[in-house]
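We're numbering straight along the sequence, starting at 1.
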Amino acid sequence: MTYTSRLIAAALPFALVLGGCALNPGHPWTDYTLPAAAPTTSPPPAQRTAAVLRVDPIAAPAWLDTRNMYYRLDYHNAAEVLAYSESRWQAPPPEMLRGIIVEHLAGSGDWKAVLGSSDSAQANYALHLRLLAFEQDFSSPQASTGVLRIRASLIDLKNDAVRAQKTFDYHVPASAANARAGAAALAHASDVLAQQLQRWLLEVR
């Protein structure tokens, strides 16, 4: 099952936490990060569970598991992936996304506990995530969109069976044709992903 959403990015100054500027000899870098997802309210007692969820590290192709900020010029050659020369992520996107998702799910109250893969406690379910796209796509020199695509699988650890699987696909128009606006669009998509992933897990667990 695939969920596709087209979203309008939040106001640029508030949609993104700017990590700062790290200077290499003769080469300035602007670092961008992803803010925490919007807080959620605790679920009604009927929706709460005594189950424990483990969120495994997010899998990704090797080229996506770096600090590079990628973009495509769809109007020129959509098959070519390019990287900004002076802008990058503060950490690889799979690492940042996992932090957002774990914190959001742990704060939701939907689970008895939300664990990382390094925790030794027993879990009832495991959430497997694979990042498929995290980039800025330009339809023209003046217009671009942040694209986030991720596949989620909920595993029942009692029998190692896949309980449910879903692909989340977001296309968020950026407010400008530059790295800052692209990062803001992807930050907004990441926030919505955390919230919709929470609701999906409630439906399928």
>> For the CD atom of Gln165 and the CD1 atom of Ile155, what is their distance to the nearest 0.5 Å?
In response: 8.0 Å
> Taking all non-hydrogen atoms of both residues, which atom of Ala181 and which atom of Ala174 are closest, and how far apart?
Replying inline: O-CB, 3.7 Å
>> Just so I know, are the side chains of Tyr70 and Trp63 near enough to count as touching, which here means a heavy-atom distance under 4.5 Å?
In response: yes
>> Test: salt bridge (Lys or Arg N to Asp or Glu O under 4.0 Å). Region: residues 147-159. Which pairs qualify, not counting sequence neighbours?
In response: Arg149-Asp169, Asp156-Arg163
> Is there a side-chain contact between Val162 and Leu154, using heavy atoms and a 4.5 Å cut-off?
Replying inline: no
> Residues in salt bridge (Lys or Arg N to Asp or Glu O under 4.0 Å) with Asp65, at least two apart?
Replying inline: none
> Does Leu157 share a hydrophobic cluster with Val114, counting links as ILVMFWY side-chain heavy atoms below 4.5 Å and allowing steps through other members?
Replying inline: no
> Is it true that a side-chain atom of Asn124 and a backbone atom of Val52 form a donor plus acceptor pair closer than 3.5 Å?
Replying inline: yes
> Hey, mind stepping through Leu197 and Ile101 against side chain to side chain contact (heavy atoms under 4.5 Å, CB included) and telling me if it holds?
Replying inline: CA-CA 8 Å; Leu197 191 58; Ile101 290 167; 3.7 Å; yes
>> Measuring only between side-chain heavy atoms, which start at C-beta, is Asp191 closer than 4.5 Å to Pro35?
In response: no
> Counting only N and O atoms by type, is there a donor-acceptor contact under 3.5 Å from the side chain of Gln136 to the main-chain atoms of Asn178?
Replying inline: yes
>> To check you understand the geometry: which heavy-atom pair defines the closest contact between Met69 and Ala179, and what is its length?
In response: CE-O, 3.7 Å
> Does a side-chain heavy-atom distance below 4.5 Å link Leu73 with Glu80?
Replying inline: no
> Parallel, tilted or perpendicular: which fits the ring planes of Tyr71 and Phe138, with parallel below 30° and perpendicular above 60°?
Replying inline: perpendicular
> In terms of hydrophobic clustering (I, L, V, M, F, W, Y; side-chain heavy atoms under 4.5 Å; direct or indirect links), are Val192 and Phe168 co-clustered?
Replying inline: yes
>> Measuring from atom NZ of Lys166 to atom OG of Ser153, what distance do you get when rounded to the nearest 0.5 angstrom?
In response: 12.5 Å
> Which pair of heavy atoms, one from Gly116 and one from Arg98, lies closest together, and at what distance?
Replying inline: CA-NH2, 3.3 Å
>> Same cluster or not: Ile150 versus Leu132, using hydrophobic residues (I, L, V, M, F, W, Y) connected whenever any side-chain heavy atoms lie under 4.5 Å apart?
In response: no
> Are Leu201 and Tyr125 side-chain neighbours, meaning at least one heavy-atom pair lies under 4.5 Å?
Replying inline: no
>> Minimum heavy-atom separation for His188 and Val172, please, with both atom names.
In response: CD2-CG1, 4.2 Å
> Do Leu97 and Phe134 touch side chain to side chain, with heavy atoms closer than 4.5 Å?
Replying inline: yes
> Which heavy atom of Ser144 sits nearest a heavy atom of Ala176, and at what distance?
Replying inline: OG-O, 3.4 Å
> Has Arg67 got its NZ or CZ under 6.0 Å from the middle of the six-membered ring of Trp89, at an angle within 45 degrees of the ring axis?
Replying inline: no
> Given the rule that I, L, V, M, F, W and Y join up when any side-chain heavy atoms are under 4.5 Å apart, are Ile100 and Leu148 in one cluster?
Replying inline: yes
> Any idea which heavy atoms bring Leu64 and Pro93 closest together, and the distance?
Replying inline: O-CD, 3.7 Å
> Would His104 and Gln198 count as having a side-chain donor-acceptor pair, cut-off 3.5 Å?
Replying inline: yes
>> Quick check: is Tyr84 connected to Leu34 through a chain of hydrophobic side chains (ILVMFWY, heavy atoms under 4.5 Å apart)?
In response: yes
> Is there side-chain contact between Pro94 and Leu131, with heavy atoms separated by less than 4.5 Å?
Replying inline: yes
> Is there side-chain contact between Tyr170 and Val147, with at least one heavy-atom pair below 4.5 Å?
Replying inline: no
> How long is the gap from OH on Tyr32 to CZ on Arg88, to the nearest 0.5 Å?
Replying inline: 12.0 Å
> Which of these passes side-chain contact (heavy atoms from CB on, under 4.5 Å) with Leu127: Asp56, Leu105, Ile58, Val102?
Replying inline: Leu105
> Tell me, which pairs form a salt bridge (Lys or Arg N to Asp or Glu O under 4.0 Å) where one or both residues lie in residues 129-139, sequence neighbours left out?
Replying inline: Arg72-Glu135
